Each structure stands twice: as structure tokens, then as C-alpha cells.
Amino acid sequence: MPEGIEIEIYRQAGEAGLHRTIERIEADDEWFLKDGTTAEALHEALIGEQFSAARRIGKLMIYDVTSGARLGLRYGMTGRLIVDESAAIGYLEYSSQRDDPAWDRFVVHFADGGALRIRDPRRLGGVALDPNESALGADAFTVTLGQLRDRVFVGTVPLKARLLDQARIAGIGNLIADETLWRAGIDPARAANSLEAKDEKRFLTHLRAVLADFMRDGGSHTGRLQPARTRGGQCPKDGEELLRREIGGRTTFSCPRHQR
DNA sequence: CTCGACTCCTGTTAGC
DNA sequence: TGCTAACAGGAGTCGA
């Protein structure tokens, strides 16, 4: 599913939409418009304007608009960005492998004939004008050890749940969390504030490596743990049968032998 | 402020 | 073969 990795890939692809005049939009799915955003307001903010920058914080993609507005795009777990009919990502874990134009929930048509569309089968994504960027924690790609200590490694909540809290660190989804904790050898159920200093540093080292690997390999489904994330799956490191639990409301796989 | 439980969405898949 | 129920997880809401 789209995590920070996929959104960054979408953002890069979305740069093809910069500096092109917006002629028309399709925003007919009211469910997909969030935070009180209306089709009328989108028209007002976008028609005749251009995108001047494509940014990303965590899983939120933001287009700056020449009108002064900002356009926030969220992809839920099955949304894709398609620019000029070419999809930024060909494969999404847990999404349909079919490709149906009926799943277009929001479309921007440029005057040059091209288009930018969010194709989202399950409609878990959304579009909002002027999203609240300050509600998000530091982005996972650039987070520092100090920021982790201030906002993530605190409290007695399970660490896995903390990592999924976008207000504390933005961009980590279920697969990045499981892969990072698995590589770092940390039990996802451990209290967020229970790590020793060397564990905290090791976590950040592995987080950076996971993000780099996932970017290089093309998605958050490319982890070494991923093939074993199934009932009865075995740890790729030591062969132990993986634990399957629900932590932070998400299915969590971990190795009972080397994750402590 | 914190935190767990609940809800929403719908295509796919496991199981009968 | 055809149906149903479970499942996936990002994100918002609500109540304690």
C-alpha cells in the first residue's frame, strides 16, 4: 500500500504536472473531498492556474498552486497517481491489479491535453485544499535522532503503534514499520520509551536503510520480511515461525527469537 | 493531551 | 460453481 515510499515516487512523477495550465477538473466524488473542500472551491483555486511545486510530508502530497492555494492529495492504501496516462507505480500491495478508469476519483485536465488523475479503487484516499501540514510529525526520510527521542521514543504505548502515528513521525506505514523493527531486532510490542540509547540509534540506522532500499527497489512491498508476512511464515533470518499479532490496530509480524 | 476502540471504504481471497 | 465472510490498512472520530 502507499506509504511514504510510494508517495515520494508519486511526488517525483507528479513533477511532470508542474507549470502547465489547468483547464478543467473532475471532482464529482464528494466522499473523496475532505476537510470541507468542495468542487466549487477546487474550481476557484485551480482553473486557469498552474502547479508551481510538488512537495511531500509523510504520506501527504502537496501541490503549491499559482493562485496561492495548496492542493493536498492522499492515496489511502490503494490510490495511484497517473500522469498523462502513465502510472507512477505499476504494483501496489493489497490493491487491485486491474486498472479501471471508473476508479478515477479526482482528475486535473491540462490545457495541453494531458491529465493527472488519482485512481483509487477503495476510495480511502482524498483531496483537500490547504491541508494542515503542521499536524504531521517530522518526515521519516529526514527525521533526526533528537526528533525521534522527543516524539517517538516516549510513553508506554507499543513502539509499533507509535511509528504509525503520523502526528509523531510522518510517512511510516505498516510494512515499513514491520521491516524496520525486524531488521533492527526490536520487538514491536515493546513500550516506546523502553529502548536503550544504542537501540534508538540502531533503529534510526535501519529506518534509513529500509527507506533507501525500498526506494531503490520500487516500493514498500519489497522488504526481506515481506514474503514471510503470512500465517505460518518463517523468519528469513533464523527460520523461527513468525508471531502474528495485532498491534496499534494493524496486523504485525515479528520474530520471537531475534526481536527483543 | 493521551490512547484504545470503532468506523469508513471495496476488491480480493479463503473457505464452505 | 457460486456464495459469504474475512481481510487488507490509512485516517478520522469518539469516549474514557
Side-chain angles (χ1 to χ4, degrees), chain A residues 1-11 28-37 56-62 72-81 89 91-106 118-128 131-137 139-140 150-181 188-194 214 219-221 223 225-233 242 244-254:
Chain A
M1 78 297 313
E3 303 186 17
I5 297 289
E6 281 75 15
I7 312 307
E8 175 58 22
I9 294 171
Y10 292 154
R11 188 200 66 75
D28 308 317
D29 187 347
E30 276 187 43
W31 161 260
F32 213 69
L33 307 183
K34 306 298 184 183
D35 301 339
T37 298
R56 180 193 60 80
I57 304 175
K59 302 170 192 170
L60 174 67
M61 177 170 157
I62 305 141
L73 305 178
R74 291 191 173 281
Y75 297 89
M77 69 179 275
T78 57
R80 301 160 186 254
L81 180 69
I89 280 189
Y91 177 84
L92 269 188
E93 190 81 11
Y94 306 126
S95 186
S96 171
Q97 298 313 304
R98 287 195 294 128
D99 205 18
D100 190 336
W103 297 332
D104 287 352
R105 311 301 180 187
F106 177 72
I118 295 186
R119 189 164 290 176
D120 182 2
R122 296 183 208 177
R123 299 168 79 208
L124 284 164
V127 172
N132 180 8
E133 300 178 29
S134 65
L136 294 168
D139 185 77
D150 285 347
R151 295 287 292 160
V152 176
F153 298 136
V154 292
T156 56
V157 175
L159 178 56
K160 166 72 178 281
R162 268 282 183 272
L163 294 173
L164 298 178
D165 184 346
Q166 303 300 302
R168 294 180 176 273
I169 179 170
I172 296 181
N174 204 34
L175 301 186
I176 294 175
D178 274 13
E179 177 81 11
T180 302
L181 292 169
R190 273 181 66 172
N193 66 1
S194 71
F214 283 8
S220 53
H221 63 285
L225 178 65
Q226 183 65 23
R229 293 183 89 263
T230 169
R231 289 177 195 272
L242 295 175
R244 181 185 191 274
R245 292 175 288 184
E246 182 163 303
I247 300 176
R250 293 294 166 260
T251 302
T252 299
F253 286 89
S254 64

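Every chain is numbered from 1, with letters handed out A, B, ... down the list of sequences. Predicted model, so just to flag it, every value in this text is computed and none were measured.
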From CG of A/Leu164 across to P of C/dA8 the rounded distance in Å is 14 Å
* Asked: Hey, does A/Arg105 reach any base, or is it just sugar-phosphate, or nothing, if we go heavy atoms under 4.0 Å?
  -> nothing
Here the distance between atom P of C/dG12 and atom CD of A/Gln166, to the nearest Å, is 9 Å
note: A/Asp178, atom CG; C/dA8, atom C1'; distance rounded to Å ~ 13 Å
Per-residue pairing states of DNA chain C in dot-bracket (Watson-Crick or G-U under 3.5 Å; . unpaired, | other strand) read .|||||||||||||||
Here the distance between atom P of C/dA8 and atom OH of A/Tyr75, to the nearest Å, is 25 Å
Here the distance between atom P of C/dG9 and atom NE2 of A/His221, to the nearest Å, is 14 Å
Sequence neighbours excluded, the answer for salt bridge (Lys or Arg N to Asp or Glu O under 4.0 Å) partners of A/Arg11 is A/Glu8, A/Glu15
By nearest-heavy-atom nucleotide on DNA chain B, the more 5' of A/Trp103 and A/Arg250 is A/Arg250
Contacts of A/Asp28 meeting salt bridge (Lys or Arg N to Asp or Glu O under 4.0 Å) (sequence neighbours excluded), chain-then-number -> none
When rounded to whole Å, the CG to C1' distance for the pair A/Leu124 and C/dC7 reads 13 Å
Sorted by chain and residue number, the salt bridge (Lys or Arg N to Asp or Glu O under 4.0 Å) partners of A/Arg119 (sequence neighbours excluded) come out as A/Asp99, A/Asp104
Taken in chain and number order and not counting sequence neighbours, the residues that satisfy salt bridge (Lys or Arg N to Asp or Glu O under 4.0 Å) with A/Asp178 are A/Lys160, A/Arg229
Closest non-hydrogen atoms of A/Leu60 and A/Gly72, given as atom of the first, atom of the second and distance, are CD1-CA, 4.1 Å
Of the listed C/dG9, C/dA11, C/dA8, the closest approach to the A/Lys59 side chain comes from C/dA11
Nearest heavy-atom contact between A/Ala189 and A/Arg245 is CB-NH1, 3.7 Å
*asked:* Under 4.0 Å, heavy atoms only, any strand: does A/Arg244 hit a base, just the sugar-phosphate, or nothing?
replied: sugar-phosphate
Across all chains, not counting sequence neighbours, the side-chain contact (heavy atoms from CB on, under 4.5 Å) partners of A/Ser194 are A/Arg190, A/Ala191
Between CZ of A/Arg122 and C1' of C/dA8 the distance, given in whole Å, is 6 Å
Of B/dC9, C/dG10, B/dC3, the nucleotide closest to the side chain of A/Arg123 is B/dC9
A/Arg231 has its side chain closest, among C/dC7, B/dC3, B/dG4, to C/dC7
### Task
Look at the side chain of A/Arg74 and the base of C/dA11, then say whether one donor and one acceptor between them are separated by less than 3.5 Å.
no
A/Trp31 CH2 to C/dG12 P, in whole Å, measures 11 Å
Of A/Thr251 and A/Leu60, the one whose nearest nucleotide on DNA chain C sits closer to the 5' end is A/Thr251
